[in-house]
Q: 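Handing you this structure, nothing more for now.
Because only heavy atoms are used, hydrogens play no part in the values below, and waters and symmetry mates are left out as well, while side chains stay in. Bear in mind the structure is a predicted one, so any value in this text is a computation, not a measurement.
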Amino acid sequence: MSIKTKFFRAAAVLISVAAVTASAADWPGWHGADRTNKSKETGLLKQWPKEGPKLIWTASGLGDGYSSVSTSGGVVFSAGVKEKVNYVSAFDRAGKLLWETAAGPSWDGARASWARQYSGARSTPSVDGGIVYYLSDTGLLVALDAKTGETKWNLNIREKYAAEVPLYGYSESPLIVGDKLYVTAYGSKAGALCLNKNTGDVIWASTPVNGEAGYASLIMAENSGYKQLISTTAISVFAIDAETGKHLWTVPLKNSRDNNCTDAIYHDGHVLVSTGYGRGTILIKLEKKDKDVTAKKVYDIKLMDNHHGGVILHNGHVYGSGHESRGWFCLDFKTGRQVWRHSTGKGSITFADGMLYLYDENGTMALVKADPAAFAEVSSFKVPEGGKGPHWARPVVSNGILYVRHADKLYAYDIKAK
């Protein structure tokens with residue numbers, strides 16, 4: 001092998017490593033690349049200044065809503081509603097708007113007048129292969145060019161599969177795996193859908209699922225010889241075979257408001273789901289029986305009745321906030337035992353570099369050690385008001401930046417250790 005050939009091969013390896021490193025720091029969709037809501041970044045601040053980490057930019061004009069952000073190749077994507085229209089937006093590293101594209105009319109709470117105060121975008125854009133995928137709150141699924149915002153294809157899953165707009169609007173973020181896109185229609189003609197992500201063509205449509213939309217997003221887990229798509233309806237937890245659309249199992253899960261907003265967690269043959277309004281948390285054990293999958297509850301407890309801020313699994317413990325029970329919880333994943341409880345607070349959560357980022361719905365962002373020994377808050381600061389409504393958007397850590405959204409504004413904080 002010549003020196004020149006060796007040089008180019010070595011250069012190719014370095015470029016490949018750099019590309020992997022860059023992509024690992026990106027956050028390409030809801031709860032990150034693997035939907036665990038845990039960043040793999042290190043070298044982040046373990047304590048913030050009294051006034052909080054440095055605010056490096058603020059972006060305005062997102063519109064109303066609770067969409068979080070996704071990042072890819074230095075571009076930040078989010079969504080919002082302006083003048084009753086959904087918009088997907090892209091911002092550069094400095095918070096400058098690159099483009100925005102209309103993505104259908106918005107949900108107006110027509111089925112319940114009290115719900116109108118919570119109007120706004122729900123879904124978080126998913127980015128893959130230079131395409132941005134977004135599901136509007138009224139069921140329009142769009143694929144947009146990540147560089148220009150140009151529409152590649154769209155499909156109204158509500159109209160095609162005879163579904164009502166959910167009580168609080170569609171809130172699911174599309175799941176991309178390989179060349180396939182998975183999303184749930186919750187219609188009378190189909191439950192979950194598998195689409196070709198490049199064309200929007202439907203590969204399969206499952207039979208209807210048990211119940212209306214629960215407002216969670218799909219996760220994928222390999223168990224019992226199946227790639228299982230797992231999520232919730234308003235009254236149950238369910239799984240569907242990702243290859244065929246076959247229903248695999250269903251477990252009832254009902255709270256007083258008939259909605260289950262928090263994404264499931266899969267680990268070691270078990271599925272954990274937490275839900276609000278005093279209902280609590282369940283753990284389900286999956287086992288293969290012949291060609292079928294059995295799903296049996298291991299425990300069913302009142303603890304950590306998570307509303308919609310999410311829960312995280314780390315080193316055998318589950319962290320999240322309660323709803324009617326309030327406060328932040330740490331539970332033992334396998335037993336459901338309460339390890340600790342901090343009696344105040346309720347909100348959204350993410351994880352990076354051994355720390356929990358707790359975003360209270362009243363606007364306080366706290367940095368807390370992910371430690372089962374005790375609730376150990378290290379730092380906190382107040383997030384500026386970006387408009388009306390509670391602080392419900394999920395925080396995101398990507399490329400050394402903490403992204404926090406409230407209403408119309410997105411804030412980017414430098415959290416890299418110096």
Side-chain angles (χ1 to χ4, degrees), residues 62-68 79-87 103-124 135-140 157-159 162-173 184-188 209-217 231-236 253-263 273-280 302 304-310 320-327 344-348 359-363 383 385-394 405-409:
L62 278 74
D64 296 327
Y66 311 103
S67 295
S68 186
V81 169
K82 293 185 281 188
E83 298 181 352
K84 297 184 179 181
V85 175
N86 281 267
Y87 285 90
S106 69
W107 159 86
D108 62 3
R111 289 177 60 190
S113 59
W114 73 82
R116 290 173 185 161
Q117 62 184 308
Y118 305 119
S119 63
R122 274 107 163 93
S123 174
T124 296
L135 178 66
S136 80
D137 48 15
T138 54
L140 181 65
I157 63 173
R158 176 181 57 82
E159 292 180 355
E164 282 191 276
V165 176
L167 184 61
Y168 293 99
Y170 282 95
S171 303
E172 183 176 353
S173 300
T184 318
Y186 297 104
S188 61
V209 292
N210 180 31
E212 294 188 353
Y215 310 105
S217 293
S231 191
T232 58
T233 69
I235 58 173
S236 66
L253 180 63
K254 180 179 170 63
N255 62 33
S256 62
R257 294 292 185 89
D258 283 352
N259 62 44
N260 295 306
C261 304
T262 300
D263 291 4
V273 181
S274 184
T275 188
Y277 303 98
R279 179 61 179 83
K302 296 290 187 181
M304 197 178 66
D305 58 325
N306 193 261
H307 192 194
H308 46 57
S321 69
H323 179 204
E324 292 180 0
S325 60
R326 296 283 167 166
T344 59
K346 169 183 177 287
S348 300
Y359 187 24
D360 188 90
E361 65 179 359
N362 294 318
V383 175
E385 295 291 319
K388 297 180 180 179
H391 295 247
W392 280 348
R394 301 287 176 90
R405 190 238 181 105
H406 180 236
D408 184 62
K409 289 184 168 56

Q: For side chain to side chain contact (heavy atoms under 4.5 Å, CB included), just list the numbers for R405 and S67, CA-CA rounded to whole Å, side-chain angles, deciding distance to a tenth of an Å, and then say yes or no.
A: CA-CA 8 Å; R405 190 238 181 105; S67 295; 3.6 Å; yes

Q: Does T124 use its side chain to pair, donor to acceptor, with the backbone of S173 at less than 3.5 Å?
A: no

Q: If I compare all heavy atoms of T184 with all of I157, which pair ends up nearest, and what's the gap?
A: O-CD1, 3.8 Å

Q: Does the pair N255 and D305 meet the rule for a side chain to side chain contact (heavy atoms under 4.5 Å, CB included), with working shown?
A: CA-CA 10 Å; N255 62 33; D305 58 325; over 6 Å; no

Q: Going by ring-ring contact (aromatic ring centres under 6.0 Å, His included), name the residues that satisfy it together with H307, two or more places apart in sequence or in a different chain.
A: Y277, H323

Q: For residues P166 and A213, report the shortest heavy-atom separation together with the two atoms involved.
A: CG-CB, 3.7 Å

Q: Please determine if R326 and E361 form a salt bridge, counting it only when a charged side-chain N lies under 4.0 Å from a carboxylate O.
A: yes

Q: With distance as the sole test, does R394 use its side chain to make a donor-acceptor pair with the main-chain N or O of W392 at under 3.5 Å?
A: no

Q: Would you confirm whether S171, through its side chain, and G169, through its main-chain N or O, come within 3.5 Å as a donor-acceptor pair?
A: yes

Q: Compare every heavy atom of S136 with every heavy atom of P105, then report the nearest pair and how far apart it is.
A: O-OG, 4.5 Å

Q: Quick check: does any side chain N or O of D408 sit under 3.5 Å from a backbone N or O of G63, one acting as donor and the other as acceptor?
A: yes

Q: Could you tell me whether the side chain of S188 and the main chain of A162 form a donor-acceptor pair under 3.5 Å?
A: yes

Q: So which heavy atom on N210 is nearest to which on S236, and how close?
A: O-OG, 3.1 Å

Q: Please check: side-chain N/O of T138 versus main-chain N/O of W107, any donor-acceptor pairing under 3.5 Å?
A: no

Q: Has the side chain of N306 got a donor or acceptor atom that lies under 3.5 Å from a matching backbone atom of S321?
A: yes

Q: With H406, which residues qualify under side chain to side chain donor-acceptor pair (under 3.5 Å), at least two apart?
A: none

Q: Apply the side-chain contact (heavy atoms from CB on, under 4.5 Å) test between Y215 and each candidate in T232, T233, N259; give the one that qualifies.
A: N259

